[in-house]
2 protein chains.
Amino acid sequence: MQEKDKNNTEWRILEAAKKVFVLKGKDGARMQEIADTAGINKSLLHYYYRSKEKLFHAVFRFAISVSAPKMFEIFSSGANSFNAIEVFISEYMDLLKKHPFIPMFILGEVSKKETHFVIDVIKNSGVNVDGFCRLIEHDIENGLLRKNINPKELLVNIISLCVFPVIGRPLLGVIIFDNDTAKYDAFLNDRKRQVTDLIIHSIATNYSNYQNK
Amino acid sequence: MQEKDKNNTEWRILEAAKKVFVLKGKDGARMQEIADTAGINKSLLHYYYRSKEKLFHAVFRFAISVSAPKMFEIFSSGANSFNAIEVFISEYMDLLKKHPFIPMFILGEVSKKETHFVIDVIKNSGVNVDGFCRLIEHDIENGLLRKNINPKELLVNIISLCVFPVIGRPLLGVIIFDNDTAKYDAFLNDRKRQVTDLIIHSIATNYSNYQNK
DNA sequence: GTCTATAAATTGATAGAC
DNA sequence: GTCTATCAATTTATAGAC
């Protein structure tokens with residue numbers, strides 16, 4: 001919400017819509033619940049956003065803009081792979097802690113890809129993987145990284161290890177952590193280091209190159 | 001469907017319900033579409049399953065029964081960790097290839113945990129992680145595995161690396177694999193080896209222990 | 001068991017007063 | 001801009017004929 005003079009009601013509607021849509025999904029969300037959450041009349045939703053579809057679009061764009069941020073820019077920085085990966089994992093886990101339900105929301109909506117709207121938003125989100133791939137290839141030539149590393153596979157591994165424990169929490173919490181919330185929080189808090197160590201260890205020609213960095 | 005004399009219609013309804021519910025989710029599924037898919041009248045859905053809720057329950061139970069199978073039993077086998085993990089990853093990836101949409105369906109429904117039904121089904125699914133943990137701890141004492149390994153973290157890592165590339169396919173396909181289906185299939189087909197190598201390499205005191213096994 | 005017809009409830013959207 | 005009242009469409013569920 002850039003402009004200060006933008007109506008307060010419009011902002012409250014969007015905030016409420018974020019909560020409801022992200023938690024219940026597009027199909028499960030109810031306009032009435034969004035209105036109640038915003039503390040305003042249901043008609044105002046249509047006054048400001050025309051339709052449920054349009055309101056959902058606004059929320060989805062927000063979700064993409066928050067989770068596909070300039071985060072990938074760090075891969076274009078001058079740092080070496082070890083440093084870049086460490087920073088990425090750290091910032092990404094922080095982001096997931098701040099918005100734990102957004103990844104599931106996005107994945108859920110993208111999975112039932114009825115429209116091309118979602119695809120377009122993602123394509124226009126500015127996410128670019130090339131910088132990361134170049135950085136990895138560069139450090140392979142340097143001899144810092146093993147030669148058989150595939151940058152895209154590596155990236156998928158990093159994202160998988162960061163995101164899945166968050167979106168799978170309700171399930172993993174039951175079958176692995178015995179529904180112990182505190183235990184799961186501790187597990188997630190320690191995750192930065194775990195993932196970083198696992199990844200770096202798997203790609204470095206010499207692990208001490210990283211530890212001494 | 002155990003009994004042979006069980007009505008054919010009931011079976012067709014359940015099959016159709018699986019398709020529609022798994023693809024569209026509980027909220028997005030329509031009884032009419034299920035009836036059309038089954039090629040029968042909509043009223044028969046209620047005749048056999050009383051309500052949409054009950055039909056959903058049947059589908060959810062099926063989804064759990066298929067994806068939380070006796071797979072974890074292999075961890076109780078006499079094999080060592082390396083072998084057990086390799087077999088688990090292989091069979092799990094095969095299962096994911098056979099039912100690529102079920103994990104997303106389960107996670108989506110568990111995430112919007114309105115009822116306690118889903119939790120109960122999971123708890124009663126027979127999934128047991130203790131065998132795996134004991135096996136790992138046993139091989140740590142053996143000296144096969146590094147001492148600082150946490151079995152539960154290890155298990156989460158394995159599952160994350162296997163499942164996320166499948167449920168995240170629509171998203172990763174766009175941002176990483178440029179919407180190239182063939183490329184993504186190749187990536188997934190190579191995944192067994194990739195995940196196994198990464199995991200084993202990260203836990204073995206001596207990687208040759210595994211390669212010579 | 002299977003169908004048609006219809007009820008009953010929900011929900012997105014609009015009209016119009018203020 | 002915000003509200004009340006209401007429409008129109010959708011959708012789950014049931015009643016009853018065959």
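Just the heavy atoms: all of them, side chains too, but no hydrogens, waters or symmetry mates, feed the values below. Keep in mind the model is a prediction, meaning the values are calculated, not measured. In what follows, chains are A, B, ... by sequence order, proteins preceding strands, each numbered from 1.
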**Message:** Is there a side-chain contact between A:Tyr49 and A:Glu10 in this structure, where contact means two heavy atoms from C-beta onward sitting under 4.5 Å apart?
**Reply:** yes
**Residue-phosphate contact under 4.0 Å: B:His46 side-chain N/O, D:dA13 OP1/OP2** = yes
**Prompt:** Strictly under 6.0 Å, is that where the ring centroids of A:Phe88 and A:Tyr92 end up?
**Reply:** yes
**Prompt:** CG of B:Asp27 versus P of D:dT10: gap in Å, rounded?
**Reply:** 19 Å
**Message:** Can you classify the ring geometry of B:Phe117 versus B:His57 as parallel (below 30°), tilted (30 to 60°) or perpendicular (above 60°)?
**Reply:** parallel
**Message:** Counting only heavy atoms and a strict 4.0 angstrom limit, can you tell me which residues of residues 28-44 of chain B come near DNA chain D?
**Reply:** B:Ala29, B:Arg30, B:Met31, B:Lys42, B:Ser43
**Message:** Check for me whether the distance between the ring centres of A:Phe56 and A:Phe21 falls short of 6.0 Å.
**Reply:** yes
**Item:** Partner set under side-chain hydrogen bond (donor to acceptor under 3.5 Å, both in side chains) for B:Asp185, not counting sequence neighbours
**Value:** B:Arg169
**Asked** Does a side-chain heavy-atom distance below 4.5 Å link B:Tyr48 with B:Leu55?
**Response** no
**Item:** Heavy-atom side-chain contact between B:Phe164 and A:Leu107 under 4.5 Å
**Value:** yes
**Start and end of the DNA chain C segment that chain B contacts, any atom under 4.0 Å from a heavy atom** = C:dG1 to C:dA5
**Message:** Using side-chain heavy atoms (C-beta onward) and a distance below 4.5 Å, is A:Val156 in contact with B:Phe187?
**Reply:** yes
**Prompt:** How many Å lie between NZ on B:Lys52 and P on D:dT10, as a whole number?
**Reply:** 16 Å
